[in-house]
Protein chains: 2
Amino acid sequence: MPPPIIRIDTAYLPAVDRVPGASAATARCPDCMQRHFCLPQGLASDEMRRLGNLLSGSRSIPRHTYLFRAGDSLDCVYVLKSGVVKLVWATSDGDEQVLGFCLPGEILGLEALGAESCVNGAVAIETATVCELPIAALEQMCREMPRLQHRLHLLFARQIVNSHMALTVVGKGNAEAGLASLLLNLASRLKAHGYSGKEFNLCMSRTDIANYLGIAVETVSRMFTRLRQKGVLKVNKRNIVILDPDYMRAVAGESPAAMRARPGCVYPGQGVRARGFEA
Amino acid sequence: MPPPIIRIDTAYLPAVDRVPGASAATARCPDCMQRHFCLPQGLASDEMRRLGNLLSGSRSIPRHTYLFRAGDSLDCVYVLKSGVVKLVWATSDGDEQVLGFCLPGEILGLEALGAESCVNGAVAIETATVCELPIAALEQMCREMPRLQHRLHLLFARQIVNSHMALTVVGKGNAEAGLASLLLNLASRLKAHGYSGKEFNLCMSRTDIANYLGIAVETVSRMFTRLRQKGVLKVNKRNIVILDPDYMRAVAGESPAAMRARPGCVYPGQGVRARGFEA
DNA sequence: CGGACAATTGAACCAATTCAACCGAGGTGG
DNA sequence: CCACCTCGGTTGAATTGGTTCAATTGTCCG
């Protein structure tokens with residue numbers, strides 16, 4: 001029987017990308033392979049060390065178990081070191097709604113930071129390891145370290161933008177666009193964390209994807225085959241290769257082309273600098 | 001010709017709820033009618049005063065003008081004192097995607113806080129007034145005032161939760177549910193800020209609603225008439241009265257089951273300690 | 001008044017759902 | 001070892017909810 005650590009570090013990677021030696025499970029921030037993508041990004045080394053000392057260690061979350069549940073009052077936020085976690089929340093009719101997926105290097109539980117309890121749960125899709133960051137200490141440290149504070153705000157903001165991106169795509173009546181967008185999003189997030197932007201393993205089931213995109217499982221399946229038949233994707237079970245990123249972007253609607261000046265809308269003039277965002 | 005201030009303060013209110021004397025446009029935090037719902041909620045009076053001094057004054061945003069645009073680099077966040085603002089972002093094919101609506105007392109521009117530039121724009125639907133909060137000063141003050149820091153985090157978290165709620169509703173293939181949910185959401189947010197939870201004026205056009213919900217305008221119209229025919233809503237132009245909230249909640253799917261524990265509150269932990277959710 | 005725009009309604013069409021059968025992989029137990 | 005079951009995934013055929021196209025009304029505003 002293979003040691004579980006193998007699956008942990010490589011679950012979301014194609015075989016070729018595996019980094020065999022890097023056992024990140026126990027590393028503190030300054031030694032962690034995620035340090036350049038994770039919360040402490042941009043911190044000075046002593047700041048990073050302090051942040052690392054804050055961590056109350058790593059935790060391993062087996063597949064299909066909850067990291068936290070709706071209604072839990074969190075006193076920590078979590079940084080995902082490896083594995084994949086899905087964010088869910090329960091609808092009144094008993095089934096769950098998938099809100100998003102959390103990839104390695106990303107942060108979990110921010111949405112509960114100022115609140116007393118969390119409205120959504122987090123389930124490991126693929127065996128995961130997380131760092132725990134006590135909220136009180138994190139807030140204290142943000143007060144002392146402007147750079148960390150700023151970084152935290154950036155991560156907050158990203159989460160919002162990410163949700164916004166999901167909104168633009170989900171339920172636009174276009175299943176193909178939704179799937180394409182999700183795949184591009186996952187690819188680029190993995191790429192941002194140092195992995196291949198072209199090939200990756202989907203850790204989530206078709207059911208989860210369908211739930212997230214607000215479409216039926218059968219439709220997800222059909223869209224995969226359609227994209228495969230068009231030669232845009234190579235699909236082998238959950239291993240995905242993006243063959244034609246341009247086409248993918250085109251069908252996805254390419255949400256944040258936001259930077260184009262739109263004629264037909266008035267400009268207040270006062271205070272707001274439009275200053276041609278170069279195209 | 002009626003003075004514009006009338007429209008500003010009452011645009012989102014049914015006539016009966018109007019508060020004629022309250023000209024909030026120039027008030028500083030300690031005197032502002034929004035102070036109990038807005039950013040400084042829970043602050044001590046001297047803290048509130050300090051925050052108020054930070055404000056670089058109020059700005060008025062005429063209808064259909066941008067508060068900020070995608071690509072702008074914001075050095076302020078904004079607090080909406082009156083009016084309604086929609087958050088939008090431009091898709092590559094030239095049309096816009098409505099990401100959400102911002103109601104009085106809510107905060108704008110958080111999503112740009114840590115970033116270099118903003119990916120989404122903000123347009124006044126109804127003539128709006130905002131307070132400007134220089135980001136640098138706000139961050140500085142958060143470092144000095146833990147309560148404010150915590151409050152800011154809460155507002156961040158709410159925005160995320162709000163996006164999540166939108167996600168669960170949009171594109172569930174059920175237009176009626178989407179509309180019902182939006183109306184309930186608006187109603188409860190207005191209620192949370194001291195207005196009627198039953199009757200209100202929709203400030204947004206059917207087109208905006210359709211865009212936001214990811215359905216066609218015609219469908220929005222049909223859903224309105226359907227809900228009206230069922231006796232659930234009273235619809236008069238943009239004036240809405242919710243006659244049967246239970247039915248509304250039922251069709252809306254009532255996404256976060258957890259949220260039913262606290263009636264009248266969309267957000268997690270609105271200052272209220274909500275321990276133990278049943279179920 | 002006339003033009004532009006918001007909203008509503010009707011009819012035809014189409015994409016995605018639903019219901020159903022099927023396949024392969026994995027696990028279990030006789 | 002094979003029979004049996006379950007589960008995730010794919011595919012087919014029929015149905016439907018929402019879109020699209022089109023026409024109508026009403027309202028605001030120059």
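The model shown is predicted, which means the values in this text are computed figures rather than measured ones. In what follows, chains are A, B, ... by sequence order, proteins preceding strands, each numbered from 1. Excluded from the calculations below are hydrogen atoms, water molecules and symmetry mates; all remaining heavy atoms, backbone and side chain alike, are included.
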Students often get this wrong, so: under 4.0 angstrom with heavy atoms, is Gly214(B) touching a base, only sugar-phosphate, or nothing? sugar-phosphate
Without decimals, in angstroms, what is the distance between [X] [atom1] and [N] [atom2]?
| X | N | atom1 | atom2 | answer |
| --- | --- | --- | --- | --- |
| Leu213(B) | dG17(D) | CG | P | 18 Å |
| Asn174(B) | dA15(C) | CG | C1' | 17 Å |
| Ile215(B) | dG18(D) | CD1 | C1' | 9 Å |
| Glu126(A) | dG8(D) | CD | P | 14 Å |
| Asp208(B) | dA7(C) | CG | P | 9 Å |
| Leu202(A) | dG8(D) | CG | P | 16 Å |
| Asn236(B) | dT8(C) | CG | P | 10 Å |

Counting only N and O atoms by type, is there a donor-acceptor contact under 3.5 Å from the side chain of Ser181(B) to the main-chain atoms of Gly178(B)? no
Residues in side-chain contact (heavy atoms from CB on, under 4.5 Å) contact with Ala187(A), at least two apart in sequence or another chain: Phe200(A), Ile242(A)
What residues, two or more places apart in sequence or in another chain, satisfy side-chain contact (heavy atoms from CB on, under 4.5 Å) together with Ala122(A)?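 Here the qualifying residues are Leu67(A), Phe68(A), Val85(A), Leu87(A), Leu108(A).
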If the condition is salt bridge (charged side-chain N to carboxylate O under 4.0 Å, His left out), which residues does Arg238(B) pass it with, not counting sequence neighbours?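 Once residues adjacent in sequence are excluded, Arg238(B) has no partner under the salt bridge (charged side-chain N to carboxylate O under 4.0 Å, His left out) criterion.
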Could I get the full list of salt bridge (charged side-chain N to carboxylate O under 4.0 Å, His left out) partners for Glu106(A), not counting sequence neighbours? Arg189(A)
Does anything in residues 219-230 of chain B form a side-chain hydrogen bond (donor to acceptor under 3.5 Å, both in side chains)? List the pairs, not counting sequence neighbours.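 Sorted pair list: Glu176(B)-Arg226(B), Glu176(B)-Lys230(B), Lys230(B)-Tyr247(B).
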Report, one pair per line, the protein and nucleotides 9-11 of chain D atoms (nitrogen or oxygen only) whose separation is under 3.5 Å.
residue, atom, partner, partner atom, Å
dG9(D), OP1, Arg238(A), NE, 3.0
dG9(D), OP1, Arg238(A), NH2, 2.9
dG9(D), OP2, Arg206(A), N, 2.9
dT10(D), OP1, Arg206(A), NH2, 3.1
dT10(D), OP2, Arg206(A), NE, 2.8
dT10(D), OP2, Ser221(A), OG, 2.9
dT10(D), O5', Ser221(A), OG, 2.9

